[in-house]
Amino acid sequence: MYAPERQQEILRLARDGGRVDVVSLAEEFQVTAETIRRDLKALDRAGLLRRVHGGAIPAGRLDFEPDLAERESTAADEKDRIARAALAELPAEGTLILDAGSTVARMAAAIPPDASLTVVTHSLPIAARLADHPGIQLHIVGGRVRHRTRAAVDAWALRAYGEIRADVAVVAANGFSVEHGLTTPDLAEAAVKRAALTAARRVVLLADSSKYAQEHFARFGALGDVDLLITDKGLTPEDAGDIERAGTEVVRA
């Protein structure tokens, strides 16, 4: 068996089983462990597998999207710091768009009960967290609700955002980079995010550092569309400098 044929079969086994290990593959193909490691290295370089200790796992697909509970439990400390830092960006007695996203939801939960704001959101969890704030005029954008994100999408949501102008939009992304901009796995969700960020005078992106340089299926804007990125200190000063040279202010909370 030639190396490309073996690598193709390794990739199939990884996708079918969720992971592969060097020892089993060496026995399967009757080759040395070093040969398998070279195969895994080649597949890793091609972005098809991700090497882990003793083997490899399938690389994340561009359309992979974790569910809400998984997102809320990931990088919890970093998201809390980002959310607290984002409170400084609330417009005094102004209008605020809150995008669907776990870090944005943490920020919404931290808004003081006596805050005086007009808030527009297409996120059901965020709307629920703000519904009992007496000083907030809450507007819920309607549409088809995606179960994975509990967010409204499609024509009704797009129409609503097309009819308003807000002081600040606080948005979320599954991936962000200077090269590929702002991305998320779902096209319908991307369309609403794009409408939300274009409906505001100022755009603030809340994203933990693990999302930097990640790329997903649906692009909804350039990083230059964002006025301020609030992230955590996992983003290196060098990467922060690249982002700021592209025109976006960076706060590392």
Side-chain angles (χ1 to χ4, degrees), residues 65-143 145-153 156-157 160-161 164-174 176 182 184 186 189-190 192-211 220-221 226-232 251 253:
E65 185 176 17
D67 62 24
L68 195 60
E70 182 178 345
R71 287 202 308 275
E72 288 179 344
S73 63
T74 302
D77 291 341
E78 290 85 350
K79 289 177 179 179
D80 283 338
R81 292 198 300 272
I82 293 167
R84 287 193 295 270
L87 292 177
E89 301 304 315
L90 297 181
E93 299 186 348
T95 53
L96 180 66
I97 293 172
L98 295 181
D99 185 19
S102 57
T103 311
V104 180
R106 286 172 185 264
M107 190 211 76
I111 293 176
D114 59 350
S116 179
L117 290 167
T118 297
V119 176
V120 182
T121 186
H122 57 287
S123 165
L124 294 185
I126 289 175
R129 290 177 181 182
L130 296 177
D132 60 353
H133 283 46
I136 289 180
Q137 296 185 47
L138 178 62
H139 298 262
I140 303 176
V141 171
V145 175
R146 292 192 67 229
H147 294 296
R148 188 164 287 275
T149 59
R150 311 294 195 272
V153 295
W156 287 359
Y161 279 126
I164 67 170
R165 190 70 175 157
D167 294 306
V168 177
V170 180
V171 301
N174 295 74
F176 69 96
L182 313 173
T184 196
D186 184 76
E189 196 108 25
V192 178
K193 288 177 179 291
R194 187 181 305 114
L197 67 86
T198 56
R201 296 181 183 89
R202 177 172 169 80
V203 177
V204 178
L205 172 65
L206 307 187
D208 66 81
S209 60
S210 70
K211 297 175 181 176
F220 63 92
V226 174
D227 298 289
L228 172 65
L229 163 67
I230 304 179
T231 186
D232 59 81
V251 169

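A donor-acceptor pair under 3.5 Å is absent between the side-chain atoms of Asp167 and the main chain of Gly94, judged by distance alone. Under a 3.5 Å cut-off, the side chain of Thr231 and the backbone N or O of Ala207 do form a donor-acceptor pair. Side-chain atoms of Arg146 do not come within 3.5 Å of backbone N or O of Glu189 as any donor-acceptor pair.
Under the 4.5 Å side-chain criterion, counting only non-hydrogen atoms from C-beta, Leu228 is in contact with Val251. Side chains of Val171 and Val203 form a contact here, defined as non-hydrogen atoms less than 4.5 Å apart. Proximity of Leu90 to Ile111: side-chain heavy atoms (C-beta onward) are separated by under 4.5 Å at one or more points. A heavy-atom distance below 4.5 Å is not found between the side chains of Val168 and Ile97. Between Leu205 and Ile230 there is no side-chain heavy-atom pair separated by less than 4.5 Å. By the 4.5 Å heavy-atom criterion applied to side chains, Met107 and Leu87 are counted as neighbours. The closest side-chain heavy-atom distance from Arg84 to Arg106 is not below 4.5 Å.
In this structure, Lys211 fails the cation-pi test against Phe176, since its NZ or CZ atom is not both closer than 6.0 Å to the six-membered ring centre and inside 45 degrees of the ring normal.
With rounding to the nearest 0.5 angstrom, the CG atom of Leu197 is 7.0 Å from the CG atom of Leu182. Interatomic distance, Thr95 OG1 to Ile164 CD1, rounded to the nearest 0.5 Å: 7.5 Å. One distance of note links CG of Asp80 with CG of Asp208; it measures 11.5 Å at 0.5 Å rounding. To the nearest 0.5 Å, the span separating CG on Asn174 from CZ on Phe220 amounts to 8.0 Å. Taking CD1 from Ile82 and CG from Asp77, the interatomic distance works out to 11.0 Å, rounded to the nearest 0.5 Å.
Residues Pro91 and Leu117 approach most closely at O-CD2, 2.8 Å, considering heavy atoms. Listed here is the closest heavy atom pair of Ile126 and Asp99: CD1-O, 3.2 Å. Nearest heavy-atom pair, Gly101 versus Ala172, reported as atom, atom and distance to 0.1 Å: CA-CB, 3.9 Å. Residue Ser102 comes nearest to Lys79 through the heavy atom pair OG-NZ, 2.9 Å, listed as atom of the first residue, atom of the second, then distance. Listed here is the closest heavy atom pair of Arg129 and His133: O-CE1, 3.5 Å. When all heavy atoms of Tyr161 and Leu98 are compared, the pair lying nearest together is OH-O, 4.4 Å.
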Quiz item: Stepwise, does the side chain to side chain contact (heavy atoms under 4.5 Å, CB included) test hold for Val145 with Leu124?
Solution: CA-CA 9 Å; Val145 175; Leu124 294 185; 3.9 Å; yes
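Side-chain contact annotation: Thr184 with Lys193, donor-acceptor N/O pair under 3.5 Å absent.
Checked for salt-bridge contact, Asp232 and Arg81 miss the test: no charged N lies under 4.0 Å from a carboxylate O.
When each of Leu96, Val170, Val204, Asp227 is paired with Glu89, the side-chain contact (heavy atoms from CB on, under 4.5 Å) condition holds for Val204 and for no other.
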